[in-house]
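Below is one structure; the comments refer to it alone.
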Number of protein chains: 2
Amino acid sequence: MSVSTPHTHGQTIENFIDKIPSFDDFGKIAAIFKQLEDPNRLRIFWILCHSEECVTNIGYIMKMSNPAVSHHLRLLKSADLITSDRKGKEVYYKACNTPLVHQLHDVMEDVLRIACPFGNEHIL
Amino acid sequence: MSVSTPHTHGQTIENFIDKIPSFDDFGKIAAIFKQLEDPNRLRIFWILCHSEECVTNIGYIMKMSNPAVSHHLRLLKSADLITSDRKGKEVYYKACNTPLVHQLHDVMEDVLRIACPFGNEHIL
DNA sequence: TTAACAATTAAACATTTATTTAATTGTTTA
DNA sequence: TAAACAATTAAATAAATGTTTAATTGTTAA
């Protein structure tokens with residue numbers, strides 16, 4: 001084995017040290033988790049997993065200003081977690097229907113042990 | 001229905017607006033995601049999902065200083081994602097064997113599309 | 001009991017980020 | 001076209017966070 005740690009102690013690290021993904025690889029995952037680190041943003045994401053809503057309504061539910069909501073929506077969208085759709089004057093947002101979103105939704109429900117109001121199969 | 005959003009547009013939000021978990025509830029989940037938002041910390045977590053390692057070795061692999069590693073380990077531990085075990089002079093860390101850790105590990109593997117070196121059943 | 005090593009803690013600094021207020025863009029209807 | 005409404009963007013501020021250097025605690029071996 002060509003790679004060796006300072007303290008070789010019979011563990012397995014030397015067996016896969018050269019298979020560890022790079023900093024950049026983990027940066028991609030971290031970018032997703034980063035969007036869910038803020039309680040307000042996470043709550044918005046959860047809501048959009050269960051309903052399609054416009055910015056004003058989200059602000060009303062969240063008791064937040066319009067620009068603050070817009071800020072969070074932009075971040076969630078940049079991570080491909082939600083999509084937007086303008087209908088007249090309003091812009092409607094909802095969660096993307098992707099495996100990742102479903103997985104993240106499941107994690108949320110598990111951690112919260114929420115009874116998902118419509119059952120997980122109703123995620124948007 | 002007693003609760004109504006500013007723009008009632010025939011969506012489902014009014015049906016579960018009073019079932020939306022609180023800010024504090026989402027704070028609990030966010031606290032977990034928060035620990036995985038930093039690429040370095042996430043990478044450390046991934047390593048500890050596959051091997052039990054001491055602080056010095058983690059620093060060697062990560063090319064990070066000892067205090068920096070210690071800082072990240074403390075945060076991961078405070079979120080119950082890793083455990084520590086002192087053996088002589090060294091303190092060994094590894095991922096907790098909990099459903100949440102397995103779930104987060106799966107998310108990471110899926111996003112990265114890594115071939116888990118030992119298969120997911122070998123997670124520590 | 002010293003000396004050496006491993007790990008943590010503390011203080012300081014630089015960077016990032018969430019929110020507010022104000023201004024701007026986009027869309028509808030009067 | 002003008003007025004009203006919805007949403008976004010910009011600038012500014014306050015708060016949180018990662019890393020470094022230095023000091024401290026804990027453990028082992030000489």
Side-chain angles (χ1 to χ4, degrees), chain A residues 5-9 11 13 23-24 26-27 30-45 47-48 52-79 82-94, chain B residues 5-9 11 13 23-24 26-27 30-45 47-48 52-79 82-94:
Chain A
T5 45
H7 300 157
T8 302
H9 42 63
Q11 293 298 322
I13 188 69
F23 176 88
D24 286 346
F26 283 102
I32 292 162
F33 287 133
K34 201 183 191 74
Q35 304 318 322
L36 306 175
E37 67 153 358
D38 182 85
N40 281 328
R41 192 157 60 237
L42 188 63
R43 195 164 182 243
I44 291 172
F45 176 61
I47 290 168
L48 296 178
E52 186 175 25
E53 283 301 329
C54 66
V55 178
T56 299
N57 276 358
I58 297 170
Y60 170 80
I61 298 168
M62 296 292 300
K63 297 192 173 74
M64 288 175 75
S65 71
N66 244 326
V69 171
S70 218
H71 166 73
H72 291 303
L73 291 173
R74 189 177 61 81
L75 292 175
L76 289 171
K77 194 178 176 186
S78 74
I82 63 173
T83 57
S84 64
D85 182 22
R86 182 179 273 275
K87 293 174 184 168
K89 280 192 286 189
E90 282 123 6
V91 176
Y92 289 82
Y93 287 87
K94 65 177 178 180
Chain B
T5 46
H7 300 158
T8 302
H9 42 63
Q11 292 297 322
I13 187 69
F23 176 87
D24 286 346
F26 283 102
I32 292 163
F33 287 133
K34 203 184 189 73
Q35 304 318 324
L36 304 175
E37 66 153 0
D38 181 85
N40 280 328
R41 192 155 63 237
L42 189 62
R43 194 164 183 244
I44 290 172
F45 176 61
I47 289 168
L48 296 178
E52 186 176 24
E53 283 301 329
C54 66
V55 177
T56 299
N57 276 358
I58 297 170
Y60 171 80
I61 298 167
M62 296 292 301
K63 296 193 172 72
M64 288 175 75
S65 71
N66 243 327
V69 171
S70 217
H71 167 72
H72 290 304
L73 291 173
R74 189 176 62 81
L75 292 176
L76 289 170
K77 194 179 177 186
S78 75
I82 63 173
T83 57
S84 64
D85 182 22
R86 182 178 273 275
K87 294 174 184 170
K89 279 192 287 189
E90 282 122 6
V91 177
Y92 289 82
Y93 286 88
K94 65 177 178 182

Could you give the CG-to-P distance, from A/Leu36 to C/dA18, as a whole number of Å? 12 Å

Whole angstroms only, please: what is the CD1-P distance between B/Ile58 and C/dA7? 9 Å

Atom pair distance, as rounded to whole Å: CG in B/Leu42 and P in D/dG18: 13 Å

To the nearest 0.5 Å, atom OG of B/Ser84 lies from atom CG of B/Leu76 at 11.5 Å

If you check the B/Arg86 side chain, which of D/dG18, D/dT8, C/dA7 turns out closest? C/dA7

A/Arg41 side chain to A/Arg43 backbone, donor-acceptor under 3.5 Å: no

Given that A/Gly88 and A/Arg41 both sit by DNA chain C, which one's nearest nucleotide is further toward the 5' end? A/Arg41

Separation of A/Asn57 CG from A/Tyr92 OH (nearest 0.5 Å): 7.5 Å

Classify the nucleic acid contact of B/Glu37 as base, sugar-phosphate or nothing, counting any heavy atom under 4.0 Å across all strands shown. sugar-phosphate

Candidates D/dA7, C/dA7, D/dT28 - which lies nearest the side chain of B/Lys89: D/dT28

Verdict with supporting geometry, B/Glu90 and B/Val55, side chain to side chain contact (heavy atoms under 4.5 Å, CB included): CA-CA 7 Å; B/Glu90 282 122 6; B/Val55 177; over 6 Å; no

Of all the choices, C/dA18, C/dT8, D/dA7, which nucleotide is nearest to the side chain of B/Asn66 once you look at every atom? C/dT8

Check the distance between D/dA6's P and A/Arg74's CZ and give it to me in whole angstrom. 22 Å

Within less than 4.0 Å of OP1 or OP2 of C/dT20, is there a side-chain N or O belonging to A/Ser65? yes

Taking D/dT19, C/dT8, C/dA18 as options, the one with an atom nearest any side-chain atom of A/His71 is C/dA18

Taking the minimum atom-to-atom distance to the side chain of B/Pro67, which one of D/dA22, D/dA7, D/dT19 wins? D/dA22

A/Asp38 CG - C/dT16 P separation (whole Å): 18 Å

Quick one: pull up CD1 in B/Ile82 and CD in B/Glu53 and give me the separation to the nearest 0.5 Å. 12.5 Å

Looking at D/dA6, I'd like to know if its phosphate oxygens (OP1 or OP2) sit under 4.0 Å from a side-chain N or O belonging to A/Tyr60. no

Using a cut-off of less than 4.0 Å, is there contact between a side-chain N or O of A/His72 and OP1 or OP2 of C/dT17? no

B/Met64 CE to D/dT20 P, in whole Å, measures 7 Å

How would you label the contact of A/Leu75 with the nucleic acid (heavy atoms, under 4.0 Å): base, sugar-phosphate, or nothing? sugar-phosphate

Phosphate OP1/OP2 of D/dA6 contacted by A/Lys87 side-chain N/O (<4.0 Å): no

Rounded distance (Å) that lies between atom P of D/dT17 and atom NZ of B/Lys34: 4 Å

Could you state the CD1-P distance from A/Ile44 to C/dA18, rounded to the nearest angstrom? 11 Å

Looking at every heavy atom in both A/Phe26 and B/Leu42, which two are closest together, and how far apart are they? O-CD2, 3.5 Å

Do any side-chain nitrogens or oxygens of B/Thr56 fall under 4.0 Å of OP1 or OP2 in C/dA7? yes

